[in-house]
Amino acid sequence: MRGRMQGFLTAPVLCYFTVSSTAGKADWCIPEERDALLAFRDGVADPRGELRSWRGQDCCKWSGVACSRKTLHVIKLDVSQYGLKGEINSSLAALTRLAHLNLSHNDFGWAAIPEFVGAFKELRYLDLSHAKFGGNIPPQLGNLSTLKLLDLPFNFPRLRMDSFLWVSRLTSLTYLDLGWVYLAASSDWLQALSKLPLLQVLHLNDAFLPATNLNSISHVNFTALTVLDLKNNELNSCLPNWIWRMHSLSYLDLSSCQLSGSVPDKIGNLTSLKLLQLRNNHLTGEVPPAMRRLCSLNYIDLSMNSLSGNTAETKNLFHCMKKLHFLDVSNNNISGSVSGWLEDLTGVVYLDISMNLFSGQVPEDIGKLPN
Ligand SMILES: *[C@@H]1O[C@H](CO)[C@@H](O)[C@H](O)[C@H]1NC(C)=O
Ligand SMILES: *[C@@H]1O[C@H](CO)[C@@H](O)[C@H](O)[C@H]1NC(C)=O
Ligand SMILES: *[C@@H]1O[C@H](CO)[C@@H](O)[C@H](O)[C@H]1NC(C)=O
Ligand SMILES: *[C@@H]1O[C@H](CO)[C@@H](O)[C@H](O)[C@H]1NC(C)=O
Ligand SMILES: *[C@@H]1O[C@H](CO)[C@@H](O)[C@H](O)[C@H]1NC(C)=O
Ligand SMILES: *[C@@H]1O[C@H](CO)[C@@H](O)[C@H](O)[C@H]1NC(C)=O
């Protein structure tokens, strides 16, 4: 998904200035912005010397810094993986034209995410993952109406968020990762996210989400979703009905979510699905025969449920899945013969069908499976 990030240099928002970089003045960066960067530099320890190049007049040439060629404003600051330690100096607020801020993989000592980040009106990419931020995520971020990507995972266990209300104002958002953020008090998460029309990738795994009836809303706007990852949250719900309309969904991970009820035949509509992870829930009913339409699947994990069904009825279930390499249906209640379908699994490198009610002999053909 991050591949999408290229191209922002050509975005129209940077083109309405008339200042010319050939107007006789030196092509140097804006002095206030240089001072802001220097104050940031002086506030952090830089054990690996990554900020060595941060000297001299032209901050546009410093490592991790990029300026607009037209306006000379700093539009990108990417000091990810610099191993910096310390505080973020509030002078950084002077970089008002930032479109891209990446502070990931540093150590900010569990300080709060600065509220002034919410004032970067042109910000489109904000990556603060793996950076030891703590406290409540400031609702000021809700002012970032142009934000496309918000990446905050792995600030465990200190970063938290008590309300999702402000997230519903991020109407340009296509990518949201709040994995490992402590969200136990955010009972409005689904309500807020359902308003985001452009959302494509959603990771809320391991986030202590409160128990949520996923069917408490009938309509969601994020129908362009390609990744839905809610794993490891005690949702205590049935599978949501709105999910079966998401024809672009390719990655669905709802493992360890305390889900109950059955998997409806409508799953056959998710024809883009590549990964299906439903392991460790309380799902009952049959393995839906309509899954045989999901020819793009390459990873299926339905283990540790109470799924039933007989392989005689679900014949050819895997027949069209030419790319399937992982199949785990262990610890269920599936019955029937093991022959007549195992032979279809020609590309599988991991297979676990143990702890079921299978009968019959393992087909000799299984020895012919290449993997
Ligand atoms: C920010 O940097 C300025 C200039 O270096 C310094 O005077 C100020 O104390 C710093 N603020 C914080 C909170 O560190
Ligand atoms: C931030 O930097 C990390 C590591 O360098 C990179 O993987 C990630 O894609 C960057 N995030 C953004 C939004 O550019
Ligand atoms: C940003 O959001 C906060 C709270 O959500 C609000 O109080 C503030 O006025 C907003 N600031 C700007 C500059 O829009
Ligand atoms: C979906 O978006 C439309 C228009 O963008 C809006 O009117 C509607 O309230 C949204 N629906 C939800 C559930 O947020
Ligand atoms: C699933 O697909 C069938 C036929 O392709 C269609 O009639 C049905 O409305 C779809 N269901 C949903 C929930 O999108
Ligand atoms: C498996 O099915 C049998 C009867 O068909 C039932 O008694 C048992 O409780 C089921 N086990 C699970 C784990 O669902």
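Heavy atoms only: backbone and side chains are in, while hydrogens, waters and symmetry mates are out. All ligand and atom numbering here is 1-based and tracks the order in the structure. Just so we're clear, the structure is a prediction, and the values are computed from it rather than from any experiment.
Close N/O approach between Tyr125 and ligand 2 is not found [any backbone or side-chain N/O within under 3.5 Å]. Ligand 2 has an N or O atom lying under 3.5 Å from an N or O atom of His100, backbone or side chain. On a distance-only criterion, Ser80 and ligand 2 share at least one N/O pair closer than 3.5 Å.
Atoms of ligand 2 lying under 4.0 Å from any heavy atom of Gln81, numbered from 1 in the order shown and given with element: 4 (C), 5 (O). Taking every non-hydrogen atom of Ser104 and a distance limit under 4.0 Å, the qualifying atoms of ligand 2 come out as 1 (C), 2 (O), 3 (C).
Scanning all protein heavy atoms for the shortest distance to atom 11 (N) of ligand 1 gives Asn89 ND2, 3.0 Å.
Here Asp162 pairs with Arg160 in a salt bridge; the nearest charged N to carboxylate O distance falls below 4.0 Å.
Remark: of the listed residues Asn269, Leu228, Leu225, Leu228 is the sole one forming a side chain to side chain contact (heavy atoms under 4.5 Å, CB included) with Ile243.
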Item to complete: Let me see the working for Lys132 and Asp107 under side-chain contact (heavy atoms from CB on, under 4.5 Å), right down to the final yes or no.
Response: CA-CA 5 Å; Lys132 294 202 182 163; Asp107 179 354; 3.4 Å; yes

Worksheet item: Would Cys29 and Cys60 satisfy disulfide (SG to SG under 2.5 Å), going step by step from the backbone distance to the final call?
Response: CA-CA 6 Å; Cys29 73; Cys60 298; 4.8 Å; no

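Residue contacts with ligand 2 for Leu149 involve side-chain atoms from C-beta outward but no N, CA, C or O (heavy atoms, distance under 4.0 Å).
Taking the six-membered ring for Trp and thresholds of 30 and 60 degrees, Phe154 and His130 have nearly parallel ring planes, at less than 30 degrees apart.
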